[in-house]
Visitor: 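Please read through the structure below; I'll follow up with questions.
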Amino acid sequence: MSIQAPKPSHGCSNIWPADMQRITLTEYLARNAGEAALADLIECIASACWSISNLVNVSALAGHQGSTDEINPHGEVQKPLDILADEVFVRSCSANANLSALISEEVEEITWVNPAQTGAYVLAYDPLDGSSNLDVDLSVGSIFAVSKLRSDSAEDVLPNGRNLLCSGYAIYGPSTMLVLTFGDQVDGFTLDDSTDSFVLTHPNMKVPQQACEFAINVSRQRHWDETIQSYVSDCLKGAVGPRQKAFNMRWTASMVADVHRILIRGGVFLYPIDAENAAAGGKLRLLYEAMPMAMIVEAGGGGATDGRIPLIDVVATTPHQRTSVILGAREEIDLIRAAYS
Ligand code: FBP
């Protein structure tokens with residue numbers, strides 16, 4: 001007996017009707033990447049994400065759960081899959097002849113796969129974001145951004161947010177998706193296991209403007225500054241409060257999953273600098289978490305800030321620098337920036 005799935009009556013205009021002609025990532029890149037070498041690098045990244053998706057799926061069977069004795073540059077205990085995912089990225093992307101440098105969350109030093117050369121690519125990436133969720137089988141992801149070397153000097157390797165060529169993330173959830181932007185729009189691809197290829201299923205994703213969900217780790221409330229305290233308490237007051245609407249709260253402890261939800265159904269994500277993490281400059285990393293996500297959310301019509309300036313304008317001075325991260329529906333970001341000014 002074959003089960004007919006009911007026609008989805010979702011409010012989300014982002015999803016491609018099932019009966020429309022399918023476009024693969026390869027076809028999409030041929031039309032949109034501009035440079036063949038960049039299309040090739042994104043194919044390498046997609047292939048790494050395909051491999052990591054499989055590794056995540058069988059992690060319990062393969063004994064890749066739990067923790068290792070290894071510590072990453074941030075003093076965090078590495079999960080076996082943090083290390084494996086990083087190796088997959090290096091192996092897959094080093095095949096690209098135009099790639100010069102890799103900046104990875106899991107590796108202290110910048111990895112030079114080719115000598116520094118003007119115009120060569122720099123790939124900043126978090127191979128497995130939200131890895132604390134692996135053992136409890138919640139969605140995790142990979143985040144990446146590609147930029148170009150501004151000169152033949154290795155000194156110029158740190159990306160400038162306004163010059164990113166593209167950024168994206170993969171989410172390893174109920175399905176595996178790859179979300180990508182070159183800055184003008186955001187497109188989502190779903191991994192089709194029957195062909196092992198990514199297929200365009202979410203064209204031109206836009207952050208819904210009406211936010212009715214906020215995502216923040218409330219257990220850190222005692223450390224927040226006044227602006228965040230009052231923003232969250234206003235949201236919690238619901239329809240009778242100054243926001244005159246009810247807000248729901250979500251926190252998955254996986255930035256990729258929280259940002260993906262915001263791209264699909266709106267809301268705001270906050271991991272602000274606070275009294276406890278201020279010495280470190282915040283929690284999340286600028287180059288391979290905050291900046292790529294800021295480029296995606298801005299291309300989707302949303303906003304992203306560190307509270308003072310657009311996140312995309314935060315100047316990188318070290319590979320693993322941290323920053324305050326507030327991103328989502330434009331209206332919420334403008335409200336929070338106004339409160340900080
Ligand atoms: P990594 O797992 O890549 O270190 O990412 C950091 C992260 O897990 C984000 O994905 C998430 O938003 C945040 O930390 C969760 O922080 P907390 O443990 O404070 O809830």
Side-chain angles (χ1 to χ4, degrees), residues 48-49 52 55-56 59 64-68 70-89 102-108 124-145 167-173 179 213-224 228 232 249-263 267-294 296-297 304 306 311 319-328:
C49 295
I52 295 168
L55 284 171
V56 167
S59 59
H64 290 153
Q65 297 206 330
S67 292
T68 69
E70 306 295 323
I71 303 291
N72 73 11
H74 320 283
E76 297 155 350
V77 175
Q78 288 178 309
K79 305 278 182 188
L81 278 179
D82 284 325
I83 299 169
L84 283 173
D86 187 67
E87 288 167 3
V88 166
F89 259 88
L102 293 165
I103 303 173
S104 167
E105 179 189 36
E106 299 304 333
V107 181
E108 179 70 45
Y125 65 102
D126 177 353
L128 205 56
D129 174 65
S131 53
S132 62
N133 279 332
L134 278 168
D135 296 0
V136 293
D137 216 12
L138 283 175
S139 297
V140 293
S142 302
I143 310 173
F144 60 90
S167 72
Y169 62 80
I171 179 165
Y172 312 116
V179 173
E213 282 176 340
F214 68 93
I216 191 168
N217 181 341
V218 173
S219 70
R220 302 186 65 81
Q221 183 174 25
R222 64 191 180 284
H223 304 305
W224 294 340
I228 300 296
V232 172
M249 200 212 94
R250 289 282 179 272
W251 184 250
T252 65
S254 166
M255 184 187 196
V256 165
D258 284 318
V259 172
H260 190 65
R261 186 189 59 250
I262 286 170
L263 267 172
V268 59
F269 170 92
L270 308 99
Y271 210 121
I273 196 166
D274 61 36
E276 198 261 341
N277 63 28
K283 156 94 182 194
L284 298 175
R285 281 52 62 137
L286 176 65
L287 292 183
Y288 40 78
E289 291 173 326
M291 214 182 246
M293 291 304 200
I296 293 165
V297 168
D306 67 349
L311 258 178
H320 302 292
Q321 110 189 39
R322 300 171 191 252
T323 178
S324 188
V325 177
I326 302 166
L327 55 80

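Only this structure's heavy atoms are used, side chains among them; waters, hydrogens and symmetry mates stay out. For ligands, and for the atoms within them, numbers begin at 1 and follow the listed sequence.
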Visitor: With a 4.5 Å limit on heavy-atom distance, are the side chains of Leu284 and Phe269 in contact?
Guide: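 Yes. Closest side-chain heavy atoms under 4.5 Å.
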
Visitor: Taking the six-membered ring for Trp, are the ring centroids of Phe214 and Trp251 within less than 6.0 Å of each other?
Guide: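 Centroid separation for Phe214 and Trp251: 6.0 Å or greater.
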
Visitor: Pick from Val256, Ile103, Ile143: which one makes a side chain to side chain contact (heavy atoms under 4.5 Å, CB included) with Asp126?
Guide: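 Answer to the side chain to side chain contact (heavy atoms under 4.5 Å, CB included) test with Asp126 among Val256, Ile103, Ile143: Ile143.
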
Visitor: Which of parallel (below 30°), tilted (30 to 60°) and perpendicular (above 60°) describes His260 and Tyr169?
Guide: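 Correct class here is perpendicular.
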
Visitor: Under a plain distance cut-off of 3.5 Å, with no hydrogens placed, do Thr68 and Gln78 share a side-chain donor-acceptor pair?
Guide: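 Looking only at side-chain atoms, Thr68 and Gln78 do not form any donor-acceptor pair under 3.5 Å.
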
Visitor: Taking only residues two or more places apart in sequence, or in another chain, which ones meet Ala280 in a side-chain contact (heavy atoms from CB on, under 4.5 Å)?
Guide: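 So Ala280 forms a side-chain contact (heavy atoms from CB on, under 4.5 Å) with Arg322.
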
Visitor: I'd like the residue list for ligand 1, meaning every protein residue with a non-hydrogen atom under 4.0 Å from the ligand.
Guide: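 Residues within 4.0 Å of ligand 1: Glu76, Glu105, Asp126, Leu128, Asp129, Gly130, Ser131, Asn217, Trp251, Ala253, Ser254, Met255, Phe269, Tyr271, Lys283, Leu284, Arg285, Glu289.
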
